[in-house]
There are 2 protein chains.
Amino acid sequence: MESTPWEDRLREQGFRITPQRQLVLESVNQLGHGTPEEILSSVQKTASGVNLSTIYRTLEVLESVGLITHTHIGHGAPVYHSQDESPHIHLVCDDCAEVTSIPAAAAAEFSLDLQETYSFNAHMTHMAVTGLCKACAGKSELKSHG
Amino acid sequence: MESTPWEDRLREQGFRITPQRQLVLESVNQLGHGTPEEILSSVQKTASGVNLSTIYRTLEVLESVGLITHTHIGHGAPVYHSQDESPHIHLVCDDCAEVTSIPAAAAAEFSLDLQETYSFNAHMTHMAVTGLCKACAGKSELKSHG
DNA sequence: CTATATATGCGTGAAATATGCAATAGGTAG
DNA sequence: CTACCTATTGCATATTTCACGCATATATAG
């Protein structure tokens with residue numbers, strides 16, 4: 001009987017393997033991004049009894065062992081995502097709230113500059129950049145022309 | 001009797017000049033950065049009767065007329081800052097939570113790249129970059145050597 | 001100084017997250 | 001496979017952050 005890598009990851013740190021943890025991790029992987037509420041919904045499709053508190057505690061645990069990470073996007077709702085995916089930066093539209101992911105590599109130079117100039121070791125994966133998406137920038141432009 | 005620029009700014013949009021608004025604006029300018037709670041404390045040193053609701057509403061008003069802006073840094077606590085200051089980017093340490101401001105110009109190239117490659121009009125002023133500051137990066141390094 | 005609409009203070013409410021505790025269930029030794 | 005020990009869960013509740021309704025106070029025009 002083989003253990004999966006994620007199970008080992010938890011065990012190494014003295015955590016137990018539970019269905020809740022498995023489901024939460026699967027949901028995060030499947031959703032790509034997800035807020036705690038969204039993850040709850042997803043988990044409850046399979047196991048309706050799972051409690052929101054468990055989601056929060058599980059997300060903490062999974063993050064502490066490095067299986068997932070989270071980003072704060074704007075106001076209130078943290079977004080969790082799989083560590084499997086290639087690191088990415090979130091572009092968040094202030095207007096329509098749409099979130100676009102771009103490869104972390106897009107900020108490689110910026111990151112290097114922060115390191116060299118400010119001795120700051122930026123975590124690009126955690127970064128959310130706010131602004132206006134193409135569609136919404138277009139809308140504002142129309143207004144200002146009117 | 002001259003009006004100050006901030007008073008005009010409010011009046012232009014049909015807002016009234018009140019001691020609360022003056023105090024909140026002064027606090028923000030003085031604090032550099034401040035969460036609503038911190039701003040409340042600061043304001044209450046002068047006027048202890050001011051209510052937290054007033055702080056929230058006043059911050060909204062001041063932001064709507066462009067006298068201040070806010071950034072979401074990590075979890076829950078938005079940070080308001082003066083618009084007088086030159087636009088800056090916040091570097092937030094994940095470990096010690098220290099916030100460093102750097103000129104927005106540091107991200108000029110990155111910003112341009114986002115525009116050209118992704119048609120995304122980034123608001124650098126709103127941007128918070130998380131990572132490790134020099135001191136905390138040093139600490140982790142020690143640990144990993146130990 | 002007066003009229004009046006805007007602002008404030010206060011109590012209340014809602015949303016998101018944390019916590020204490022008893023019950024449940026992994027994991028391990030035998 | 002069984003029993004035991006402790007991590008984990010579910011539930012109820014507390015906390016934190018922010019929004020809202022309404023009566024009162026106050027800034028501003030005339």
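Note: hydrogens, waters and symmetry copies are ignored here, and every other heavy atom, side chains too, is used. Sequence lines set the chain letters: A, B, ... in the order given, protein chains first and strands last, and positions in each chain run from 1.
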**Q** Sequence neighbours left out, what pairs pass ring-ring contact (aromatic ring centres under 6.0 Å, His included) with at least one residue falling in residues 49-71 of chain A?
**A**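 Listed by first then second residue: His70(A)-His72(A), His70(A)-Tyr80(A), His70(A)-His126(A).
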
**Q** Does Val61(B) reach a base, just sugar-phosphate, or nothing at all? Heavy atoms under 4.0 Å.
**A**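 Nothing: the residue Val61(B), judged by heavy atoms under 4.0 Å, touches no strand.
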
**Q** Does dT26(D) have OP1 or OP2 under 4.0 Å away from a side-chain N or O of Gln20(B)?
**A**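 No.
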
**Q** So, is Thr54(A) close to the dT9(D) phosphate, meaning a side-chain N or O under 4.0 Å from OP1 or OP2?
**A**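 No, Thr54(A) has no side-chain N/O under 4.0 Å of OP1/OP2 on dT9(D).
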
**Q** Partners of Val61(B) by side chain to side chain contact (heavy atoms under 4.5 Å, CB included), sequence neighbours excluded?
**A**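 Val61(B) satisfies side chain to side chain contact (heavy atoms under 4.5 Å, CB included) with Leu10(B), Phe15(B), Arg21(B) only.
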
**Q** What pairs of nitrogen or oxygen atoms, one from the protein and one from nucleotides 11-15 of chain C, lie under 3.5 Å apart?
**A**
{"from": "dG11(C)", "atom 1": "O6", "to": "Ser53(B)", "atom 2": "OG", "distance (Å)": "3.4"}

**Q** Rounded to whole Å, please give me the gap between CD in Gln22(B) and P in dA7(C).
**A**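 Spelled out: CD on Gln22(B) to P on dA7(C) is 16 Å.
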
**Q** The criterion is side chain to side chain contact (heavy atoms under 4.5 Å, CB included); which residues satisfy it with Glu26(B), sequence neighbours excluded?
**A**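 Here the qualifying residues are Gln22(B), Leu23(B).
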
**Q** From CG of Leu40(B) over to P of dT16(D), roughly how many Å is that when rounded to an integer?
**A**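 The answer, rounded to whole Å, is 15 Å.
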
**Q** Whole angstroms only, please: what is the CG-P distance between Leu10(B) and dA5(C)?
**A**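 Taking atom P of dA5(C) as the reference, CG of Leu10(B) is at 21 Å.
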
**Q** Can you tell me the distance, in whole Å, between the CG atom of Leu52(A) and the P atom of dA16(C)?
**A**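 Value for this atom pair: 9 Å.
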
**Q** In whole angstroms, how far is the P atom of dA7(C) from the CD1 atom of Ile55(B)?
**A**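 Value for this atom pair: 16 Å.
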
**Q** Does Thr69(B) have any side-chain hydrogen bond (donor to acceptor under 3.5 Å, both in side chains) partners at least two apart in sequence or in another chain, and if so, which?
**A**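 side-chain hydrogen bond (donor to acceptor under 3.5 Å, both in side chains) check on Thr69(B) returns His81(B).
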
**Q** If the condition is side-chain hydrogen bond (donor to acceptor under 3.5 Å, both in side chains), which residues does Asp113(B) pass it with, not counting sequence neighbours?
**A**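 Listed in chain order: Thr117(B).
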
**Q** In the 5'-to-3' direction, what one-character label does each nucleotide of nucleotides 21-30 of chain C receive under the scheme B = base within less than 4.0 Å of a protein heavy atom, S = sugar-phosphate only, - = no such atom?
**A** ----BBS---

**Q** Rounded to whole angstrom units, what separation is found between the OH atom of Tyr56(A) and the P atom of dA14(D)?
**A**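 After rounding, the gap between these two atoms is 19 Å.
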
**Q** Five pairs at each end of the helix from dC1(C)-dG30(D) to dG30(C)-dC1(D): take the axis at both ends and give me the angle between them to 10°.
**A**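 Answer rounded to 10°: the end axes differ by 40°.
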
**Q** Find out whether Glu63(B) and Ile68(B) are in side-chain contact, i.e. whether some heavy atom of one side chain is under 4.5 Å from a heavy atom of the other.
**A**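 Counting from C-beta outward, Glu63(B) and Ile68(B) do come under 4.5 Å.
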
**Q** Under the rule for side chain to side chain contact (heavy atoms under 4.5 Å, CB included), what residues qualify as partners of Glu116(B), not counting sequence neighbours?
**A**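 Partners of Glu116(B) by the side chain to side chain contact (heavy atoms under 4.5 Å, CB included) criterion, ordered by chain and then number, come out as Leu112(B).
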
**Q** The criterion is side-chain hydrogen bond (donor to acceptor under 3.5 Å, both in side chains); which residues satisfy it with Thr100(A), sequence neighbours excluded?
**A**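 With sequence neighbours excluded, Thr100(A) shows a side-chain hydrogen bond (donor to acceptor under 3.5 Å, both in side chains) to no residue whatsoever.
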
**Q** Got a sec, which residues hit side chain to side chain contact (heavy atoms under 4.5 Å, CB included) with Glu60(A), two or more places apart in sequence or on another chain?
**A**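 With sequence neighbours excluded, Glu60(A) shows a side chain to side chain contact (heavy atoms under 4.5 Å, CB included) to no residue whatsoever.
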
**Q** Using whole Å, what does the distance between atom P of nucleotide dT8(D) and atom CD of Gln13(A) come to?
**A**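 So the two atoms are 12 Å apart, to the nearest Å.
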
**Q** Which residues satisfy the side-chain hydrogen bond (donor to acceptor under 3.5 Å, both in side chains) test with Thr71(A), sequence neighbours excluded?
**A**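 Testing Thr71(A) for side-chain hydrogen bond (donor to acceptor under 3.5 Å, both in side chains), a comparison that skips the adjacent residues, returns none.
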
**Q** Rounded to the nearest 0.5 Å, what's the gap from CD1 on Ile89(A) to CZ on Phe120(B)? Could you check?
**A**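 Spacing of CD1 (Ile89(A)) from CZ (Phe120(B)) equals 11.5 Å.
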
**Q** Starting from P on dT17(D), measure out to CD on Glu60(B) and report it in whole angstrom.
**A**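 About 17 Å, once rounded to whole Å.
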
